[in-house]
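Worksheet: the structure to be examined is printed underneath.
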2 protein chains.
Amino acid sequence: MKKSNSSNALNKEFLHRSCSVNEAIDLISGRWKALIIIYIHEGQNRFSLLKNILSPISDQILGRQLKDLEQNGLISKTIVPEVPVRVDYELTAKGKSLLSIFDSLEEWIAS
Amino acid sequence: MKKSNSSNALNKEFLHRSCSVNEAIDLISGRWKALIIIYIHEGQNRFSLLKNILSPISDQILGRQLKDLEQNGLISKTIVPEVPVRVDYELTAKGKSLLSIFDSLEEWIAS
DNA sequence: CTGGATCCCCTATGATACTG
DNA sequence: CAGTATCATAGGGGATCCAG
């Protein structure tokens, strides 16, 4: 039985109210999200392309992460009704603006 | 028994090799880390001060996060052998350089 | 080809109690 | 005051099968 006052969820809420940085971190801290964004930006904009590059990933996880990213407004997807179905992913403006932050992070971690 | 080929650990390794951004994200994605860094920067540099501000946090979690941050080289701690014992935390250079990245993240999430 | 449904496992997070 | 030891839990990550 789930306790009505799940401290886990409550804490998350507290964090988001306390500081918007935590929201941002939440969005990008999914295990594969940063990588997916980077690869899409590099033109690997299909499900199967991403799957090949992120070799250890499972279909399910990739799908889940893509969905998350889409809901967070970082990527958009376009379904092309060919046979077989094709889906193109691309970064939104918000997704693109993340790239420079990633650059900063790379610099930072290397320092 | 832990499986020898824990895919979880392997994937993490894969990620770090693939892209150093993931390392950085790992360091800051602990649930309370960003907040702790920010508050220490604002002068809330004691265990009990942090505990008061981060009201929902438990001793255990706060201690663990502080330890993580220390091991990652983001904060340093100074033990002052008074009675009772006092411990001062402060940001290292690396910790301080994170602040500007947090600023970027705040801007980004607000956009 | 692109994923959803389902189930399992692990790890970070949390609560509580105890120590110097 | 400043933690550590122990135990419990939820949710993310993962594998496999299934579907449009």
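These numbers come from the heavy atoms of this one structure, side chains and all, not from hydrogens, waters or symmetry mates. A, B, ... follow the sequence lines: proteins, then strands. Residue 1 opens every chain.
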B:Lys51 has an atom NZ; how far is it from atom C1' of C:dG14, in whole Å?
12 Å
Under 4.0 Å, counting only non-hydrogen atoms across every strand here, what does A:Lys77 touch: a base, just sugar-phosphate, or nothing?
sugar-phosphate
Using a 4.0 Å heavy-atom cut-off across all strands, classify A:Ser58 as base, sugar-phosphate, or nothing.
base
Residue met sooner reading DNA chain C from 5', once B:Ile61 and A:Pro84 are mapped to nucleotides
A:Pro84
To the nearest angstrom, the CG-P distance between A:Leu54 and C:dT2 comes to 14 Å
A:Leu27 and A:Lys33: side chain to side chain contact (heavy atoms under 4.5 Å, CB included), yes or no, with the steps?
CA-CA 8 Å; A:Leu27 294 190; A:Lys33 290 184 185 160; over 6 Å; no
Side chain proximity check, A:Ile61 to A:Arg31, heavy atoms < 4.5 angstrom:
no
Tell me which residues in residues 13-25 of chain A lie within less than 4.0 Å of DNA chain D, going by non-hydrogen atoms.
none
Comparing B:Asp59 and A:Ile57 on DNA chain D - which has the more 5′ nearest nucleotide:
B:Asp59
For A:Leu27 and D:dG12, give me the distance from atom CG to atom C1', rounded to whole Å.
15 Å
Taking D:dA10, C:dC10, C:dG3 as options, the one with an atom nearest any side-chain atom of B:Asn8 is C:dC10
Counting only side-chain N and O atoms of A:Ser7, is one of them less than 4.0 Å from OP1 or OP2 of C:dA15?
yes
Can you check whether B:Tyr89 has a side-chain N or O nearer than 4.0 Å to OP1 or OP2 of D:dG3?
yes
Does A:Ala9 or A:Trp32 map to a spot on DNA chain D nearer the 5' end, using the closest nucleotide for each?
A:Ala9
Of the nucleotides C:dA5, C:dG14, D:dG13, which has the atom closest to the A:Gln65 side chain?
D:dG13
With the side chain counted from C-beta on, respond yes when B:Leu10 and A:Pro56 share a heavy-atom pair under 4.5 Å apart, and no when they do not.
no
From the list B:Val85, B:Leu66, B:Val87, side-chain contact (heavy atoms from CB on, under 4.5 Å) with B:Phe47 holds only for B:Leu66
Heavy-atom donor-acceptor pair, B:Arg64 side-chain to C:dG14 base, under 3.5 Å
yes
For A:Lys12 and A:Leu49, find the nucleotide of DNA chain C closest to each by heavy atoms; which residue's nucleotide sits nearer the 5' end?
A:Leu49
Using a strict threshold of under 4.0 Å (side-chain N to carboxylate O), is an ion pair present between A:Arg46 and A:Asp88?
yes
B:Glu82 near the nucleic acid: base, sugar-phosphate alone, or nothing, with a heavy-atom cut-off under 4.0 Å?
nothing
May I have the distance from A:Ile36 (atom CD1) to C:dT2 (atom P), rounded to whole angstrom?
14 Å
Nearest whole Å is fine: how far is C:dC18 C1' from B:Gln60 CD?
12 Å
Here the distance between atom P of C:dA12 and atom CG of A:Asp26, to the nearest Å, is 16 Å
Given side chains that start at C-beta, do those of B:Leu98 and B:Ile101 come closer than 4.5 Å, heavy atoms only?
yes
Atom pair distance, as rounded to whole Å: CD in B:Gln44 and P in D:dA2:
13 Å
To the nearest Å, give me how far apart CG (B:Asn11) and C1' (D:dG14) are.
8 Å
Find out whether B:Trp108 and A:Lys94 are in side-chain contact, i.e. whether some heavy atom of one side chain is under 4.5 Å from a heavy atom of the other.
yes
Taking side chain as C-beta onward, heavy atoms only, is B:Ile36 less than 4.5 Å from B:Tyr89?
no
Donor-acceptor pair under 3.5 Å: do we get one between B:Arg31's side chain and the base of C:dG14?
no
